[in-house]
Amino acid sequence: MTFDPSTSERHALVTGGSSGIGLAICRSLAASGWQVVNFDIQPPPDGAPGEFVRVDMGDGEALAAALADLSARRQVLGLVNNVAAIRPAAIEDTKLDDFDLQLAVTARAALQCVQALLPAMRAAAHGRIVNI
């Protein structure tokens, strides 16, 4: 099955889409005709476009469950890996737990999302992935 953008709904997942750059991306995608799904730990403001799924992106099992549910319901052909965990500190004050959280949320979650959504993109012979 190939994807025909002129006749198909376009679904995109945006991670960290409840505020800042992620929210702006959700709004821009929705204005361009995309059906947006936002994975975030915090809810978006009232009136934000799309579907909100509360998920802790640092919890690999919770993220896997959310991705499996989304993939079962929608053919997601757009992915914006935007989420980040920022714990500012001087290098000598950086805690290893904070560093592990940053890697889990920013890097591992991005790879996990790509791996979960790539089969649908390949099946459709169409897809877009943006890593921020």
Side-chain angles (χ1 to χ4, degrees):
M1 174 173 122
T2 59
F3 176 75
D4 181 353
S6 65
T7 61
S8 301
E9 280 193 345
R10 297 179 298 168
H11 297 279
L13 170 61
V14 178
T15 66
S18 291
S19 62
I21 293 170
L23 179 58
I25 291 168
C26 287
R27 288 179 173 149
S28 178
L29 285 170
S32 296
W34 287 81
Q35 301 298 312
V36 178
V37 180
N38 166 23
F39 278 15
D40 206 321
I41 199 166
Q42 64 182 359
D46 290 341
E51 174 188 352
F52 168 66
V53 177
R54 186 186 188 287
V55 61
D56 179 350
M57 301 292 291
D59 180 339
E61 290 181 15
L63 179 55
L67 287 164
D69 177 68
L70 176 61
S71 295
R73 295 183 294 112
R74 303 206 178 162
Q75 182 184 32
V76 178
L77 300 179
L79 169 62
V80 180
N81 283 310
N82 168 72
V83 73
I86 307 297
R87 300 279 170 92
I91 193 73
E92 63 272 12
D93 297 328
T94 298
K95 297 180 176 109
L96 290 178
D97 286 344
D98 289 343
F99 182 70
D100 289 342
L101 175 70
Q102 291 171 351
L103 288 176
V105 170
T106 308
R108 186 200 34 78
L111 176 61
Q112 195 172 353
C113 289
V114 169
Q115 288 176 334
L117 301 179
L118 194 57
M121 293 180 186
R122 284 192 172 140
H126 180 83
R128 300 290 182 263
I129 300 170
V130 176
N131 296 310
I132 299 175

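- The OG atom of Ser32 lies 6.5 Å from the CZ atom of Arg10; values are rounded to the nearest 0.5 Å.
- Note that CG of Asn82 is 10.5 Å distant from CG of Asn131, once rounded to the nearest 0.5 Å.
- When every heavy atom of Asp69 is checked against every heavy atom of Arg73, the shortest pair comes out as OD2-NE, 3.0 Å.
- Linking ILVMFWY side-chain heavy atoms closer than 4.5 Å, directly or via other members, places Val55 and Leu70 in a single hydrophobic cluster.
- Between Phe39 atom CZ and Asn81 atom CG the span is 11.0 Å, to the nearest 0.5 Å.
- Here the CZ-NE2 distance, from Arg74 to His11, works out to 5.5 Å after rounding to the nearest 0.5 Å.
- A continuous path of ILVMFWY side-chain contacts below 4.5 Å connects Ile21 to Leu29, so both sit in one hydrophobic cluster.
- A donor-acceptor pair under 3.5 Å links the side-chain atoms of Gln112 to the main chain of Gly60, judged by distance alone.
- Val80 and Phe52 fall into different hydrophobic clusters, where Ile, Leu, Val, Met, Phe, Trp and Tyr residues are linked whenever their side-chain heavy atoms come under 4.5 Å apart, directly or through other members.
- At least one side-chain heavy atom of Leu13 sits under 4.5 Å from a side-chain heavy atom of Leu67.
- Scanning both residues, Val105 and Ala84, for their nearest heavy atoms gives CG1-C, 3.8 Å.
- The minimum heavy-atom distance between Thr106 and Ala85, with the atom names listed, is OG1-N, 3.6 Å.
- Note that CG of Leu77 and CG of Leu118 are 11.0 Å apart. Values are rounded to the nearest 0.5 Å.
- The CD1 atom of Ile129 lies 10.0 Å from the SG atom of Cys113; values are rounded to the nearest 0.5 Å.
- Heavy atoms from other residues, nucleotides or ligands lying under 6.0 Å from CD of Gln42 number more than 12.
- The salt bridge (charged side-chain N to carboxylate O under 4.0 Å, His left out) search around Asp56 returns none, not counting sequence neighbours.
- Between Val76 and Ala120 the shortest heavy-atom distance is O-CB, 4.3 Å.
- One hydrophobic cluster holds both Ile25 and Val130 under the rule that ILVMFWY side chains link at heavy-atom gaps under 4.5 Å.
- Under the 4.5 Å side-chain contact rule for hydrophobic residues, Val14 and Ile132 share a cluster.
- Nearest heavy atoms, Arg128 versus Met121: O-CE, 3.7 Å.
- Closest of all the heavy-atom pairs between Ser71 and Leu117 is OG-CD2, 3.7 Å.
- Put simply, the side chain of Arg108 gets close to the backbone of Gly58: a donor and an acceptor are under 3.5 Å apart.
- A distance-only check finds a donor-acceptor pair linking the side chain of Asp40 to the backbone of Ser18 [under 3.5 Å].
- Side-chain atoms of Arg54 and Ile41, non-hydrogen and from C-beta on, do get closer than 4.5 Å to each other.
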